[in-house]
Amino acid sequence: MKTIYLVIPCYNEEAVLPESAKQIRHIMTNLIEAGKITSASRVCFVNDGSKDNTWEIIEQLNQESSLFSGINLAHNKGHQNALLAGLLTVKDYCDAAISLDADLQDDVTVVEKFIDKFYEGCDIVYGVRSSRKRDSFFKRTSAQVYYKLMHSMGVDIISDHADYRLMSKRALESLAKFKEVNLFLRGIIPMIGYKTGYVEYERYERFAGVSKYPLKKMISFGLEGITSLSIRPIRLITMLGLGIFLISIAMLIYFLAIHYLGSTVPGWTTIVISIWAIGGLQLLAIGVIGEYIGKIYLESKGRPRFIIERFLNTTEEDRENAQ
Ligand code: UDP
Ligand code: MG
């Protein structure tokens, strides 16, 4: 029997947390009673610097039952960092950890399937959405385009997989060796390797509360994914620059030729257009390069990716001592 931890990042989730905790508790106690996982298994909520009562609810859950543990981050660090904080903290207590969202959008009833795959010998099990029927047209197509784009940039990313996944202890230990500050977990984890498995699940509507990923944040998360995993955009710019240079040489030859043949070149339109086009392209190129330099700047500082203010975890030993 193995010890499994669920890791759930929470940011302003007071509206859903009690209900999520109830449903998850039901699933976990069933698994423990069925002898599938040990009684040392836990559900670890990571409070990502919430402004509402999320942490108080987590503390209360921990008081009520030792099944619930909690990590309080000192500051809001974003979903990916909160997830990382949770995973890297619980890895010393468990044989495998499953990450999921607090809002019950990921079907929690498939947790057992993840554990089955783990017992079959998989170190990483990806939750993959069985369909995108429930998504809006915009979200569906933009996701498709994004996955295509990522693949064309040479990034190994699993389509229709968010952050619902199981990782074994040794996979987590390997993850801890990736020191990057610009974090895009779903792009790094395929680099770890090991035996992988897949579990299909339905993604539901958010049960209560609002999404913490509005369009603007989603776009910046998407760009983060590309720039932290691929340098192909910079290479594309180099190729584009080369292409434009070759065209300008061809143009030079052409205009010199017609000049000596005696016909004049009319109009300033060509000149104005080319100035604008080249100017725009140059700015774009500088912007892309700046984006990468910004990344280097952040990485070179090597700031901590998260700071834990408190870790509430009632271990089996604590329970025995208390009795
Ligand atoms: N989240 C977080 N920190 C943040 C933003 C979000 O820990 O700064 C958590 C949030 O509480 C939820 C998960 O990340 O458990 C996914 O967020 P959300 O459900 O809002 O995103 P969506 O499902 O709409 O993409
Ligand atoms: Mg959600």
Side-chain angles (χ1 to χ4, degrees), residues 5-24 43-58 61 68-90 97-108 110-111 127-129 131-136 138-144 146-147 157-165 181-187 201-225 305-311:
Y5 267 56
L6 301 190
V7 174
I8 307 177
C10 310
Y11 178 59
N12 295 345
E13 297 289 9
E14 65 178 7
V16 291
L17 213 49
E19 177 62 25
S20 304
K22 201 171 104 195
Q23 292 197 18
I24 290 164
V43 179
C44 181
F45 294 105
V46 184
N47 175 37
D48 185 20
S50 299
K51 293 183 187 75
D52 62 4
N53 285 322
T54 301
W55 178 243
E56 284 72 21
I57 296 173
I58 297 170
L61 287 168
F68 296 112
S69 59
I71 295 171
N72 193 27
L73 296 187
H75 204 272
N76 177 254
K77 280 290 203 169
H79 176 212
Q80 298 287 295
N81 289 296
L83 200 54
L84 187 76
L87 293 173
L88 296 189
T89 309
V90 305
I98 303 174
S99 50
L100 63 153
D101 289 354
D103 54 13
L104 298 179
Q105 275 189 285
D106 306 325
D107 181 5
V108 278
V110 301
V111 161
V128 180
R129 296 178 59 175
S131 80
R132 279 186 172 269
K133 282 200 296 274
R134 275 173 235 269
D135 280 6
S136 67
F138 174 71
K139 192 141 188 184
R140 199 164 49 229
T141 31
S142 61
Q144 257 168 11
Y146 186 67
Y147 287 121
I157 185 172
I158 319 275
S159 297
D160 290 332
H161 159 70
D163 283 302
Y164 194 12
R165 77 177 87 76
V181 176
N182 298 289
L183 208 54
F184 189 74
L185 285 173
R186 57 193 86 162
Y201 73 98
E202 271 290 321
R203 190 168 160 99
Y204 302 113
E205 291 291 317
R206 198 173 227 286
F207 155 78
V210 289
S211 170
K212 276 86 200 171
Y213 272 101
L215 186 63
K216 198 170 144 219
K217 233 173 158 182
M218 222 155 71
I219 292 174
S220 97
F221 183 56
L223 286 177
E224 174 90 35
R305 293 174 288 182
F306 52 83
I307 294 169
I308 292 174
E309 191 263 333
R310 256 189 101 186
F311 179 36

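Not measured: the values here are computed from a predicted model. Numbering of ligands and ligand atoms starts at 1, following listing order. Just so you know, residue 1 is the first one in the sequence shown, and it goes up from there.
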*Any idea which protein heavy atom is nearest atom 18 (P) of ligand 1, and the distance to it?*
R206 NH2, 3.6 Å
_What protein heavy atom lies closest to atom 15 (O) of ligand 1? Include the residue and the distance to one decimal._
P9 O, 2.7 Å
*asked:* Show me which atoms of ligand 1 lie under 4.0 Å from any heavy atom of D103.
replied: 19 (O), 23 (O)
*Can you pull out the closest protein heavy atom to atom 17 (O) of ligand 1? Residue, atom name and distance to 0.1 Å, please.*
Y213 CD1, 3.9 Å
*What's the shortest distance from atom 3 (N) of ligand 1 to any protein heavy atom, and which residue and atom give it?*
D48 OD2, 2.6 Å
*Near the Mg ion (ligand 2), is there an N/O/S atom from D103 that is less than 2.8 Å away?*
yes
*Taking atom 1 (N) of ligand 1 as the reference point, the nearest protein heavy atom with its distance*: Y11 CB, 3.7 Å
*Fit a plane to each ring of F221 and F184, take the angle between them on a 0 to 90° scale, and name the class: parallel (under 30°), tilted (30 to 60°) or perpendicular (over 60°).*
tilted
*When you measure from atom 5 (C) of ligand 1 to every protein heavy atom, which one gives the shortest distance, and what is it?*
K212 CB, 3.6 Å
_Which of the ligand 1 atoms, numbered from 1, are nearer than 4.0 Å to a heavy atom of A102_ = 15 (O)
*So which protein heavy atom does atom 10 (C) of ligand 1 come closest to, and at what separation?*
E13 OE2, 3.2 Å
*Within reach of ligand 1, part of R203 (heavy-atom separation under 4.0 Å)*: side chain
*Are D107 and R203 within salt-bridge range, i.e. N to O under 4.0 Å?*
no
*Got an N, O or S from S211 under 2.8 Å of the Mg ion (ligand 2)?*
no
